[in-house]
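Since the model is a prediction, treat every value here as computed from it, not as a measurement.
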Amino acid sequence: MADINITEKELHAPQGGDGHGHGHDDHHHGDKYQSSFIDRYLFSMDHKTIAKQFLITGMFWAVIGAAMSVIFRLQLGFPDADLSWLQPLLGGWIDVDPASGKGTLSPDFYYALVTMHGTIIVFFVLTAGLSGTFSNLLIPLQIGARDMASPLMNMLSYWFFFLAGVIMFISLFLNTGPFSGGWVAYPPLSALPQASDGSKAGMTLWLLALVFFVVSTLLGGINYISTILNMRTKGMTMFRMPLTIWAFLLTAVLGLLSFPVVTSGFFMLMMDRMLGTSFFLDEIYVAGEALTDRVGGNAILYQHLFWFLGHPEVYIIILPAMGLVSEVLSVHARKPIFGYKAMVFSILGIGVLSFLVWAHHMYVSGLNPFISNIFVLFTLIIAVPSAVKVFNWIATVWGGNMRYNSASLFSIGFVSLFISGGLTGIFLGNATIDMQQHDTYFVVAHFHTVMGVAAFFGMFSGIYHWFPTMFGRYMNETLGQIHYWGTLITAYAVFGPMHYQGMAGIPRRYYSFDTFQAFNQFDTMNQVITIAAIVAFFLQILFIINFFYSIYRGRKQTEQNPWGATTLEWTVPINPGHGNWDGPIPEVHRWPYDISRYEDREFVMQNEPLAEGEVDGGH
């Protein structure tokens with residue numbers, strides 16, 4: 001018992017280079033509460049293991065979500081194709097003509113696929129998978145902490161996420177099918193079980209899963225904020241933190257402030273569905289029959305509650321990617337990040353403004369035009385801190401000695417996608433233009449480019465860069481570059497044409513355009529988009545093969561700091577144990593981007609003391 005008490009005490013000792021540390025044997029063999037397989041790998045409280053759990057679970061959901069998009073793209077690109085070969089996988093959701101044997105995708109299942117694809121990718125992959133992975137991995141390592149403020153709460157945050165995933169997965173196998181009312185779950189479809197098969201038990205499980213998901217997010221967010229504010233090592237002032245940590249901090253704050261709001265909307269939806277309340281229902285007719293007892297509610301109220309989360313959610317997804325890209329570009333361009341403090345204040349500006357723009361998703365909901373003008377103003381203003389970040393990334397790369405590897409290429413690709421996707425957001429932020437483009441493929445192209453694909457590029461960049469930190473090996477570089485170039489080309493091939501389709505007025509979410517003569521001219525374009533989407537899917541399978549193969553067979557890490565980075569995660573031993581550092585936690589003496597600032601050496605680590613008369617480069 002004495003060993004256990006010492007270990008726990010030292011894990012949560014006051015931070016700093018004050019001798020509070022384990023010896024080598026304590027780290028790798030002395031974690032008595034991590035002695036069995038279950039304690040070490042399933043119910044681990046080591047932040048590094050929990051990061052891997054978030055990552056691998058997110059990858060599982062990414063495959064499911066991407067496969068769903070391939071299936072509904074088959075319907076859009078090749079509506080006359082025989083899909084009977086999918087019946088063993090999808091069962092009754094493929095309608096097979098007894099006479100011809102031809103299989104077609106059920107319209108109900110098409111809408112379920114679109115709904116679940118959006119839900120899975122936005123929440124389970126790009127929120128939990130991205131933020132959960134890298135916040136857990138990097139916060140303690142980069143600020144100089146043995147672990148999170150509450151390892152138990154950290155473990156629970158993962159298992160609540162896992163439970164949410166199990167519930168959502170079960171909903172895929174219901175007789176009535178998963179929820180099919182759109183990932184935004186607008187009432188009355190979501191509030192009335194009798195509205196459609198996809199609004200029955202599948203919707204109930206969808207709500208339950210997302211409530212557990214929110215619990216996971218709040219547990220993680222509280223932990224991240226507490227750790228960053230209270231457990232930084234000696235000398236690690238706020239303006240010596242890497243931009244990754246700033247991004248994770250603001251992401252956690254956004255989650256804490258916005259997720260409870262949408263959860264209140266979820267609980268009201270549950271009451272409307274189960275208890276006969278009318279928060280969101282008024283003068284509703286189902287199959288020609290009036291629901292006379294369901295009056296007095298307002299469906300637009302739900303939209304306000306949802307989008308008050310929905311727009312900060314965009315930045316909950318993209319801010320961690322921005323932080324990762326800032327770090328990777330600086331390290332691989334062999335230059336200090338350009339405008340460090342401007343980058344910090346732009347992150348803070350994005351955090352504040354993200355709460356003031358939610359109604360730009362509601363311009364066509366009957367919103368007062370004068371109120372719309374205010375949201376137009378804030379929407380255009382939020383482009384300013386985003387533009388600051390873009391210009392600073394370009395300035396960081398400009399004139400640098402760039403190493404073109406998988407990590408740096410995905411970061412450059414992120415900047416490209418963020419620019420091209422962000423520019424289309426200026427159109428949609430204008431209320432007058434948005435009324436024409438709303439619910440067309442222009443919106444689909446915009447948010448998939450700037451939030452979906454760009455965030456994935458940031459995530460891939462981080463995985464390739466910090467893979468040695470996680471597993472002590474490197475991913476295959478040749479496969480990584482194939483993954484990058486193929487994904488970049490196919491991403492633009494999928495979402496580039498969709499901008500044109502949207503400007504031509506093609507509405508989103510339609511099952512088929514066969515009956516619309518005006519849209520038949522886009523049949524070939526839909527086929528090209530579908531083929532590009534299928535190629536993109538198999539490129540991600542290539543990445544997953546590379547990932548798991550490299551865990552066991554990848555080239556071993558032999559250098560403690562293989563990239564020549566300056567931050568503290570590269571001061572830990574290769575394959576560190578629980579507690580990270582064998583000896584005392586390093587002290588910090590300088591900002592995190594001392595790269596190529598000295599004639600006699602290429603970079604200086606954060607924990608190296610300043611020479612006499614030397615000024616910290618960040619001040």
Side-chain angles (χ1 to χ4, degrees), residues 61-79 81 105 110 113-122 125-126 130 183 314 317-318 321 409-410 412-425 427-428 437 439-461 481-513 519 521-544:
W61 278 112
V63 171
I64 291 179
M68 288 177 171
S69 70
V70 168
I71 295 170
F72 67 69
R73 276 308 322 178
L74 284 173
Q75 164 62 34
L76 291 169
F78 304 95
L105 187 66
Y110 172 85
L113 284 173
V114 173
T115 299
M116 299 306 293
H117 164 77
T119 303
I120 288 168
I121 298 297
V122 169
V125 181
L126 293 178
L130 176 51
W183 77 275
V314 171
I317 288 172
I318 207 71
L409 285 171
F410 270 106
I412 295 169
F414 170 90
V415 178
S416 167
L417 288 157
F418 189 73
I419 293 171
S420 54
L423 287 174
T424 57
F427 294 90
L428 295 175
Q437 299 297 335
D439 263 341
T440 70
Y441 271 91
F442 193 91
V443 178
V444 177
H446 159 70
F447 80 77
H448 276 83
T449 303
V450 75
M451 189 184 81
V453 184
F456 268 111
F457 269 53
M459 188 176 186
F460 289 138
S461 175
Q481 300 230 6
I482 294 171
H483 177 218
Y484 168 73
W485 288 109
T487 305
L488 183 73
I489 293 167
T490 53
Y492 275 116
V494 169
F495 299 113
M498 283 188 190
H499 288 94
Y500 181 74
Q501 289 182 326
M503 287 188 285
I506 296 186
R508 63 197 287 199
R509 299 195 182 101
Y510 276 37
Y511 168 75
S512 173
F513 298 105
F519 299 146
Q521 60 184 306
F522 295 105
D523 287 350
T524 303
M525 188 177 289
N526 272 325
Q527 292 171 5
V528 170
I529 292 172
T530 298
I531 292 169
I534 293 170
V535 173
F537 175 76
F538 284 106
L539 285 164
Q540 309 323 305
I541 299 299
L542 177 69
F543 162 76
I544 290 172

Pairs in or reaching into [range]: which pass side chain to side chain donor-acceptor pair (under 3.5 Å), with residues at least two apart or in two chains?
range	answer
residues 62-79	Arg73-Asn526, Arg73-Thr530
residues 489-500	Ser416-Tyr492, Ser420-Tyr492
residues 449-461	Ser411-Ser461

Go through the structure and list residues passing side chain to side chain donor-acceptor pair (under 3.5 Å) with [X], not counting sequence neighbours.
X	value
Gln481	Glu477
His483	Tyr464, Gln540
Asp523	none

State, to 0.1 Å, how close [X] and [Y] come at their nearest heavy-atom pair, and which atoms those are.
X	Y	result
Ile534	Val70	CG1-CG1, 3.9 Å
Gly118	Trp183	C-CB, 4.0 Å
Ala532	Ala493	CB-CB, 3.8 Å
Ala491	Val453	CB-CG1, 3.7 Å
Ala66	Ile121	N-CD1, 4.3 Å

What's the spacing between [X] [atom1] and [Y] [atom2] if we round to 0.5 Å?
X	Y	atom1	atom2	value
Leu409	Leu488	CG	CG	9.5 Å
Leu542	Phe537	CG	CZ	12.5 Å
Tyr110	Tyr510	OH	OH	11.0 Å
Leu76	Ile71	CG	CD1	12.5 Å
Met525	Phe519	CE	CZ	13.0 Å
Ile541	Phe538	CD1	CZ	7.0 Å

Taking the side chain as every heavy atom from C-beta outward, state whether Arg508 and Val114 have any pair of such atoms under 4.5 Å apart. no

Only residue of Ile529, Ile506, Val528 satisfying side-chain contact (heavy atoms from CB on, under 4.5 Å) with Phe522 is Ile506

Exercise. Using atom types as modelled and distance alone, determine if a side-chain donor or acceptor of Tyr484 lies under 3.5 Å from a backbone N or O of Phe457.
Key: no

query = Aromatic rings Phe72 and His117: how do their planes relate, parallel, tilted or perpendicular, breaks at 30° and 60°?
reply = perpendicular

